[in-house]
Structure formats: C-alpha cells, structure tokens
K.L.:
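This is the structure I want to talk about, given as structure tokens.
Proteins get letters first, then strands, A, B, ... in listed order; numbering begins at 1 in each.
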Protein chains: 2
Amino acid sequence: MAEERRGAERAPLSRERVLHAAVALADASGASGAEAFSMRRLAQELGVVPMALYKHVANKEELLDGMVDMVVGEIARPTTSADWKSAVRQQILSARSVLLHHRWAARVIESRTGPTPAVLAYLDSVIGTFRDGGLSADLTHHVMHALGSRLLGFSQELFDTGGAAPTPSPATAGAAAADLARAYPRVAEIAAAAAHDMDSAVGGGCDDQFEFEFALDLLLDGIERLHHRGWTSTSPST
Amino acid sequence: MAEERRGAERAPLSRERVLHAAVALADASGASGAEAFSMRRLAQELGVVPMALYKHVANKEELLDGMVDMVVGEIARPTTSADWKSAVRQQILSARSVLLHHRWAARVIESRTGPTPAVLAYLDSVIGTFRDGGLSADLTHHVMHALGSRLLGFSQELFDTGGAAPTPSPATAGAAAADLARAYPRVAEIAAAAAHDMDSAVGGGCDDQFEFEFALDLLLDGIERLHHRGWTSTSPST
DNA sequence: ACCTGAACACCGTTCAAGT
DNA sequence: ACCTGAACACCGTTCAAGT
C-alpha cells in the first residue's frame with residue numbers, strides 16, 4: 001500500500017530532485033532522520049527502483065555530502081556590517097536555527113570525513129568577519145578551532161535534551177528522581193537549580209537557546225579579551 | 001580461514017568477557033571502530049554463534065551502553081586537591097587522553113540517547129569540583145552545559161584532523177591547495193598561518209593538543225571571571 | 001546505450017526446532 | 001531448560017540480463 005505518493009514527483013529524475021527528496025525524507029523522519037534514512041527508502045519515496053538513484057549520485061556518501069551542502073547553503077549570510085563580535089554571533093545563531101529545522105543534519109555533518117564546498121564557503125565567510133574585524137591570522141586560526149562545530153550551530157551538549165524524552169509518568173519520574181538524587185547528589189542539585197525557573201522536572205527542563213547563547217558569549221567574550229590583549233600563540237596563555 | 005582466533009578466548013561467555021571483547025574489537029578497528037563494529041563480527045571474534053551474545057546483553061544498544069561505561073570508567077579520578085580550575089582542567093585532559101586511546105568512543109557516546117551510570121558518576125564528580133570550589137549551583141549548571149561534550153574530552157572540531165587524511169602526493173597537494181586558495185582565500189590564509197610553525201601542508205597540520213587546551217582555557221578563564229563577578233542567570237550577561 | 005531485476009554480502013533480531 | 005540454525009526484514013551496491 002502507498003506505493004505511489006505525491007503525483008507531482010513523477011517528473012524525470014535529476015540530481016536536484018534526488019537531493020530535495022532526500023532532505024525532505026530526512027526532515028520527515030524527525031530527530032532520527034539520520035538513522036531512518038536509506039537509499040531504498042528514498043527510492044521508494046520517489047516511486048523509483050533503488051538503482052535509478054545511482055545515475056545521479058555516485059553512492060550514499062556523495063548523496064549525504066549533497067544533503068549537507070543544501071542545508072549549509074540555507075544559512076543566512078550576515079546583513080548588518082556591525083562589529084565582528086555581533087556579526088559572528090548573529091551568523092552562528094542563524095546557523096543554529098537552520099540546524100534546528102533539520103534535526104538530522106548535525107549527525108550527518110559529523111559523519112562526513114571532510115568539509116563540503118558549502119561548508120568551506122561558510123567557514124571562509126566567518127574567517128573573513130574575524131579578519132576584517134582586525135583579528136590576526138594566528139588568533140583567528142585558533143579561534144576557529146575553539147569554536148569548532150559550534151560555528152555551524154551545533155549545541156555540543158553531551159545528550160540531546162530537546163529530543164525524544166520519554167516523558168515518564170509523574171510517579172515513575174518521582175521515584176527515578178529520588179534514586180538519581182541518592183546515587184548522584186551533585187547532579188540532582190544542579191538539576192534542581194535548573195528547575196527553579198523552569199516548569200519541567202529533572203532532565204529536559206533546560207532552555208536550550210539560553211544555554212547555547214551562554215556558551216557562545218563565554219567564547220566570544222574570551223576571544224575579544226585575547227584580541228584586545230594582542231594575544232599570539234607564542235605568548236603565555238595565562 | 002582464521003575461524004578460531006586466540007585460544008584463551010575459549011573460556012565460557014559472560015557479560016564481562018563480551019564487553020571486554022567488544023571494546024577490544026572496536027579498538028582494533030581504529031578510527032572507524034564505530035562503523036566496523038557489529039554483533040556478528042563480535043560473535044565471530046569470540047568463536048561463538050551470534051545468538052549466544054543475546055544471553056548476556058539485551059541488544060546492541062545495551063552492549064554499546066556497556067562499552068561506553070567501560071571507557072568512561074577508565075578516566076582517572078583527580079588526585080590533587082588543587083583549586084577548582086586546575087582540577088577541572090586536569091580532569092578533562094585525562095578524559096581526552098582516554099578518548100584518544102579509544103577513537104571510536106566519541107562517536108558511540110554521541111549515539112546514546114541518555115547518560116549511562118558511569119557518565120553520570122563522572123559528571124557528578126566534576127560538578128562536585130565546581131561546587132566545592134565555591135561556584136553557585138546556578139552558575140555550575142550553565143557551565144556544565146557550556147562545556148558540554150568537552151567534559152568527556154571531545155575535541156568538538158568540525159572535522160577530525162587526526163584521522164585518515166589521505167596524504168596526497170606533493171604535486172596533487174600543491175594543485176589542490178592552489179585551487180582551494182582561489183575559491184576560499186580566507187581559509188587558505190588561516191591554513192598558511194597554521195603551517196608557519198608546523199611542517200605539514202594545508203589541513204592536517206594543526207596541533208590537536210594545543211587547540212584543545214586553547215579552547216578549554218578560553219572557557220575556564222571565562223568561567224572564572226563570571227564566578228569572581230558573582231554572575232547569576234538573572235543578571236545581564238555583558 | 002540505457003535501464004533494472006536479481007543477486008551478493010552484509011546487518012540486528014525473532015522464533016521455532018533440536019538437544 | 002537451554003542452545004542454535006534457519007529465517008525475517010532490512011541495508012548498500014554489483015552485475016548481468018533484458019530492452
């Protein structure tokens with residue numbers, strides 16, 4: 001059943017159409033889009049035999065590269081010509097908003113072994129913002145490493161709080177929280193501190209956007225201080 | 001061929017032995033240990049039918065959880081009772097050295113949907129260091145989010161520089177570098193800046209340990225400043 | 001020359017049959 | 001009761017056969 005989906009997709013296959021359908025399929029699978037995605041499922045979605053895809057992409061890896069480039073290409077270029085710090089901040093926040101619309105993308109980008117053209121173009125642009133703002137090539141280089149995947153909007157959290165949290169029953173949650181508090185008292189204390197201004201219970205009750213901006217500003221403020229101090233990689237870091 | 005490996009592995013199966021063999025198999029597969037690892041390959045390595053594993057682990061997910069706990073359990077507990085900043089620094093650097101010995105581990109940890117017991121115990125210990133150092137529960141909470149996966153030694157780089165870089169021939173590398181410099185001039189400039197004190201060409205020529213410590217110190221210094229300033233999440237961040 | 005069905009070499013896991 | 005072989009429902013990709 002459901003062999004033929006949308007009739008509009010009966011147009012002749014092309015690399016464009018394959019890539020668009022691939023992104024749409026991954027988007028539709030939500031947070032587990034990276035795992036749920038397969039060549040065979042994509043072919044089925046396009047109403048096509050699996051082998052037909054190989055006329056337009058060399059293999060799955062190349063298709064994933066193409067999907068990454070589509071997503072990274074969505075990131076808005078900076079409009080304001082503000083100081084480097086707000087420009088980079090705004091750039092990274094819009095990268096984050098793109099990643100939030102394609103929840104599979106971070107995992108797929110991480111699986112690539114090297115940068116794709118769109119990623120290189122994006123990094124080139126961010127580097128340009130730092131350099132035009134007066135940062136030395138030396139400092140900019142280390143700063144790009146320090147920001148790392150956060151440049152593309154990665155939260156870099158240890159576990160995905162915004163994901164498919166099972167949301168257990170209040171009774172179960174209470175018992176689990178009590179067990180957790182006994183075994184990991186420091187974790188429990190921190191979780192309680194987080195729950196102060198949030199309504200949710202232990203765990204998923206954090207404001208992802210606040211945590212992202214907190215970490216980003218911590219880094220940008222630090223970078224600004226190094227820049228004003230005339231830091232170089234040969235000078236003592238403290 | 002090579003049906004029976006090491007004779008010592010003929011001992012009766014146990015959860016312990018399964019987990020140890022799983023870690024050893026992933027280690028042996030190098031950087032691609034996460035992808036190369038499979039239940040069937042592990043069973044073969046143990047000289048056992050695949051189904052035999054399911055007597056000791058519920059499924060592959062639970063086995064991966066167990067592998068993560070083994071690796072995280074290897075992280076050395078802090079010995080010195082120094083100030084919180086050097087204690088956390090030392091703790092994170094030893095987490096990093098463990099991750100460098102198990103190149104598959106970061107990818108597997110990221111694939112887990114929630115923290116395992118050993119990870120919780122580790123986080124509990126780091127939180128304790130911050131709290132004993134005088135940081136508020138509020139600040140500690142946000143700081144733990146900001147450090148994120150770096151707490152476990154993740155480099156958080158966009159692409160793995162230490163991995164299987166193809167190391168192209170000098171001629172190819174030169175041509176590629178010229179093309180890259182034309183398309184992405186800012187990237188090329190930064191790469192050249194990095195190559196100053198390094199012998200390698202564009203790309204993999206960065207000192208991973210330096211970049212890791214640079215980013216870590218950027219964060220720890222920023223945290224220290226917020227702490228001394230009496231920062232709270234309700235106060236203005238700038 | 002182009003397209004595609006069957007096939008190959010995998011995978012995690014279920015389940016019934018054998019001991 | 002325990003163990004395990006065959007089987008199921010996948011996967012990416014090769015390749016030869018059909019048009």
K.L.:
Expressed as a whole number of angstroms, how long is the span from B/Leu64:CG to C/dC11:C1'?
P.N.:
14 Å
K.L.:
With both distances under 3.5 angstrom, what nucleotide forms a Watson-Crick or G-U wobble pair with C/dA17?
P.N.:
none
K.L.:
Nearest to the side chain of B/Arg40 - D/dG5, C/dT13, C/dT4?
P.N.:
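In terms of side-chain proximity for B/Arg40, the closest of D/dG5, C/dT13, C/dT4 is C/dT13.
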K.L.:
Without decimals, in angstroms, what is the distance between B/Phe37 CZ and C/dG12 C1'?
P.N.:
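Distance check: B/Phe37 CZ to C/dG12 C1' gives 12 Å.
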K.L.:
Let me know the distance between CG of A/Leu63 and P of D/dC11, rounded to the nearest Å.
P.N.:
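Result: 14 Å.
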K.L.:
Please report, rounded to the nearest Å, how far the C1' atom of C/dC10 is from the CD atom of B/Gln44.
P.N.:
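That distance rounds to 12 Å.
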K.L.:
B/His56 has an atom NE2; how far is it from atom P of D/dT4, in whole Å?
P.N.:
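From B/His56 NE2 to D/dT4 P: 11 Å.
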K.L.:
Can the ring centres of A/Phe210 and B/His145 be said to be less than 6.0 Å apart?
P.N.:
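Here the rings of B/His145 and A/Phe210 have centres that are no less than 6.0 Å from each other.
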K.L.:
Going by purine N1 to pyrimidine N3 plus the second Watson-Crick contact, or the G-U wobble pair, all under 3.5 Å, which nucleotide sits opposite C/dG12?
P.N.:
D/dC8
K.L.:
What's the closest nucleotide to the side chain of B/Lys55 if the choices are D/dG5, C/dC11, D/dC3?
P.N.:
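Nucleotide nearest to B/Lys55's side chain: D/dC3.
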K.L.:
What is the distance, to the nearest angstrom, from the OH atom on B/Tyr54 to the P atom on C/dC11?
P.N.:
11 Å
K.L.:
Please lay out, stage by stage, how B/Phe130 and A/Ile190 fare under the test side-chain contact (heavy atoms from CB on, under 4.5 Å).
P.N.:
CA-CA 11 Å; B/Phe130 279 124; A/Ile190 294 309; over 6 Å; no
K.L.:
Which is it for B/Thr116 and B/Asp65 under the side-chain hydrogen bond (donor to acceptor under 3.5 Å, both in side chains) test, yes or no, and what are the steps along the way?
P.N.:
CA-CA 6 Å; B/Thr116 57; B/Asp65 280 346; 6.0 Å; no
K.L.:
Rounding to the closest angstrom, what is the interatomic distance between C/dC8 and D/dA7 at atom P?
P.N.:
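Each nucleotide's P atom is 16 Å from the other's.
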K.L.:
Round to the nearest Å and state the distance from B/Leu53 atom CG to C/dT14 atom C1'.
P.N.:
15 Å
K.L.:
Charged N to carboxylate O below 4.0 Å: is that the case for B/Arg96 and B/Glu213?
P.N.:
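Here B/Arg96 does not pair with B/Glu213 in a salt bridge, since their nearest N and O are not under 4.0 Å apart.
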K.L.:
May I have the distance from A/Lys60 (atom NZ) to D/dT13 (atom P), rounded to whole angstrom?
P.N.:
8 Å
K.L.:
Count the heavy atoms of every other residue, nucleotide or ligand shown that sit under 6.0 Å from CD of A/Gln209, and state whether that count exceeds 12.
P.N.:
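It does: A/Gln209 CD has more than 12 such atoms within range.
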K.L.:
Quick check on DNA chain D: between A/Ala36 and B/Met51, whose nearest nucleotide comes earlier from the 5' end?
P.N.:
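The residue closer to the strand's 5' end, by nearest nucleotide, is B/Met51.
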K.L.:
According to the Watson-Crick and G-U wobble definitions, with both distances under 3.5 Å, which nucleotide is paired to D/dC3?
P.N.:
none
